Amino acid sequence: MRSLRRLLPSMLSSAIRNPTSRSLPSPLPSLRPAFLHSVQQNQNVVESICNSVRAGCNWDSLTEKFGSVGLTDSLVRGILLELREPPEAKRALGFFHWSAQRVMNTVHGVHSYCIMVHILVGARLVTDARALLESVLKRSGAAENEGSRFEVVDSLLDSYRVTVSNPLVFNLLVQGYAKLRMLEIGFEVCCYLEDRGFSLTLISYNTLLHFVLKSHEIELLWKVYERMISRRMYPDEAGIRAMIHGLCKEGKLQEMIGMLDKIHGKRSAACSPLVIVSTGLVLRILEEEEGGRIEVAMGLLRLMLQRNMITDTVAFSLIVHAKVKLGDLSSASEVYDEMLKRGFDANSFCYTSFVEGYCHSGRVEDAINLLREMKSTGLKPYSQTFDHIILGCAKTGRVEESLEYCSEMMSMGHLPTLSVFNEMLAKVMEQPVHTNQANEILTSMMDKGFFPNEITYSRLMAAYAKDGKVEEVAKLYYEMEYRAISPGELGFASIISSLCNCGKVEEAGRVLKVMKDRGVRPVKDVYEALIHGHLDKGSEEIAARLRREMVLYD
């Protein structure tokens, strides 16, 4: 092996000096004299223009001497590269502007712009470099061509080595995207560069955060912040301030502080803005609907712990929450036990996470026992705790208990979320014996500021219709009209079926017209109820018309 390593360099050089027929299947064709002449002519033009620029010729002199020369984009790049050294950067810039305005009378290509930017950055002429970058970015943005989405950054990368540039140019690029409010592509370019080994500065990230925040693009704000942490680019005061403002804009700052209250007790007032933002990021990823990035959240949490960006109690609680989200209740219990062994107190957040996990896995009785245990140890359940119990009871057919927990949470000053209450009403529809109780609870909740929607009313109406209580269906329908809430397909079907069942087919027909006027498609059950209603009244002609209409809608 050693002899092979010693021989390898000489073998490679021999292969280069004496290429085999395999490496070069045919000899290179001889270069034509015309081609060689063209190359030499271009080189002469490059040297002549460079010498004139160095001699201090003004634009008029340059135009007089070289106005007839066909300056192609490749020739311009060659001249710029000859003038790439920092002492000649201003000369290169002068030639760049002259060649565009006095001779070429056209716009330089992206590659020429990028070479010029590299030269300016190398000479620390940052203001001029920013101006050129913004100019070429505006052009690329106006092109709206998906194929040229990364044209500018690719051109900068292509010319990076030949201009002996430095990474500042890429930071200026990302900052330029941010200032021009080209935020999505700016963030994509940021990731694109880092994936190719270029690390951006904290200033570039802060610039992105600042302009993303000003544009109210909160989702992108969190993406940028997550990218920062994952790249071990830890925020300073400006970055944290931007994220706190982001939490305020999406109305979640108080929610986050409240969550820390549930973990720390009322000591969360001592939590720094850094802890609030760090907790917000991890929790945001854990709560994503797709739920496929829990390992990402845990990786970020490890980095944050290493930098003291989050407290141990919060970290333990978030790990418990993550384990529950993964469905690993056993592992979550082990982490929680370890947390208690280390002297940290039990908290409502962890209890609620376990309640959610038990309800999700159908172990509602275990969840109810945990709720009792919380109250017995002096920990206060909060809205989400009850939401999980209400939903868990309803899904397992324990509708009456579900309604009782609604009343209990109201007595503690909480209200269920609209989606949870509507899910519970879906089960009430299956057991209409509880409809009156659900309706009474809804009335009490509305007095406390709860806002029902079309689904809420429609499901209650359907439950009353199933129980044959036509008057209650009509009351809810008129209440919806009064509140300017339009019934959906289910609501209209309930009122029409109920009216037909009690012989009020004319009134049901008027409701059908309202239904169609509002663009709600009548279902087959609606037509069948109306057809049977008219047949019972002997109106066969109307019933036949409705049958024809039903076929058209089917």
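These numbers come from a predicted model, not from an experiment.
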Interatomic spacing from [atom1] in [X] to [atom2] in [Y] - rounded to 0.5 Å:
X: Met116; Y: Thr163; atom1: CE; atom2: OG1; answer: 10.5 Å
X: Ile276; Y: Met256; atom1: CD1; atom2: CE; answer: 9.0 Å
X: Leu193; Y: Ser199; atom1: CG; atom2: OG; answer: 10.0 Å

I need the minimum non-hydrogen distance between [X] and [Y], along with the two atoms involved.
X: Ala242; Y: Leu209; answer: CB-CB, 4.2 Å
X: Val364; Y: Gly392; answer: CG2-O, 3.5 Å
X: Met339; Y: Ser317; answer: CE-OG, 3.9 Å
X: Gly176; Y: Leu137; answer: C-CD1, 3.9 Å
X: Gly488; Y: Ser458; answer: N-OG, 3.9 Å
X: Ser361; Y: Leu329; answer: OG-CD1, 4.1 Å

Are Tyr177 and Phe211 close enough that their ring centers fall under 6.0 Å?
no

Less than 4.0 angstrom from a charged side-chain N to a carboxylate O is my criterion; do [X] and [Y] meet it?
X: Lys475; Y: Glu471; result: no
X: Arg284; Y: Glu219; result: yes
X: Lys179; Y: Glu134; result: no

Take a 6.0 Å sphere around [atom1] of [X] and say whether it holds more than 12 heavy atoms from other residues, nucleotides or ligands.
X: Arg124; atom1: CZ; result: no
X: Lys395; atom1: NZ; result: no
X: Arg196; atom1: CZ; result: yes
X: His360; atom1: NE2; result: no

Main-chain N/O of [Y] paired with [X] side-chain donor or acceptor, under 3.5 Å:
X: Ser230; Y: Arg227; value: yes
X: Ser155; Y: Glu151; value: yes
X: Ser348; Y: Lys380; value: yes
X: Lys249; Y: His216; value: no
X: Lys262; Y: Gly258; value: yes
X: Asn422; Y: Ile455; value: no
X: Ser402; Y: Ile390; value: yes
X: Ser278; Y: Val275; value: no
X: Asp337; Y: Leu340; value: no
X: Ser215; Y: Val212; value: no

Exactly one candidate in Tyr336, Phe349, Phe316 meets ring pair (Phe, Tyr, Trp, His ring centres under 6.0 Å) with His321; the answer is Phe349

Step by step, work out the salt bridge (Lys or Arg N to Asp or Glu O under 4.0 Å) result for Glu430 and Lys466.
CA-CA 9 Å; Glu430 298 173 9; Lys466 191 173 181 179; over 6 Å; no

Can [X] and [Y] be counted as having a side-chain donor-acceptor contact under 3.5 angstrom?
X: Asn369; Y: Tyr358; result: no
X: Asp447; Y: Ser444; result: no
X: Tyr205; Y: Arg231; result: no

Is there a side chain to side chain donor-acceptor pair (under 3.5 Å) between Asp467 and Thr435 once you walk through the steps?
CA-CA 9 Å; Asp467 206 23; Thr435 308; 5.5 Å; no

Six-ring centre of Phe187, Lys223 cation under 6.0 angstrom, axis tolerance 45°:
no

Applying side chain to side chain contact (heavy atoms under 4.5 Å, CB included), run through Glu423 and Lys427 and close with a yes or a no.
CA-CA 7 Å; Glu423 282 294 315; Lys427 297 300 178 180; over 6 Å; no

When the side chains of residues 299-315 are checked against the rest of the protein, which donor-acceptor pairs come out under 3.5 Å, sequence neighbours left out?
residue	atom	partner	partner atom	Å
Thr311	OG1	His264	NE2	3.2
Thr311	OG1	Val314	N	3.4

Parallel, tilted or perpendicular: rings of His118 and Tyr160 (30°, 60°):
perpendicular

Evaluate the salt bridge (Lys or Arg N to Asp or Glu O under 4.0 Å) criterion for residues Arg372 and Glu408: first the C-alpha distance (whole Å), next the side-chain angles of each, then the deciding distance (0.1 Å), finally the verdict.
CA-CA 13 Å; Arg372 294 188 186 122; Glu408 183 180 342; over 6 Å; no

Step by step, would you call Met429 with Leu490 a side chain to side chain contact (heavy atoms under 4.5 Å, CB included)?
CA-CA 12 Å; Met429 286 167 54; Leu490 178 61; 4.2 Å; yes

Side chain to side chain contact (heavy atoms under 4.5 Å, CB included) between Asp158 and His111, intermediate numbers included:
CA-CA 9 Å; Asp158 287 344; His111 208 65; 3.7 Å; yes

Give the C-alpha distance, both sets of side-chain angles, the deciding distance and a yes or no for side chain to side chain contact (heavy atoms under 4.5 Å, CB included) between Val420 and Phe386.
CA-CA 10 Å; Val420 165; Phe386 282 106; over 6 Å; no

Which is it for Glu365 and Arg398 under the salt bridge (Lys or Arg N to Asp or Glu O under 4.0 Å) test, yes or no, and what are the steps along the way?
CA-CA 11 Å; Glu365 197 59 45; Arg398 301 163 70 157; 2.9 Å; yes

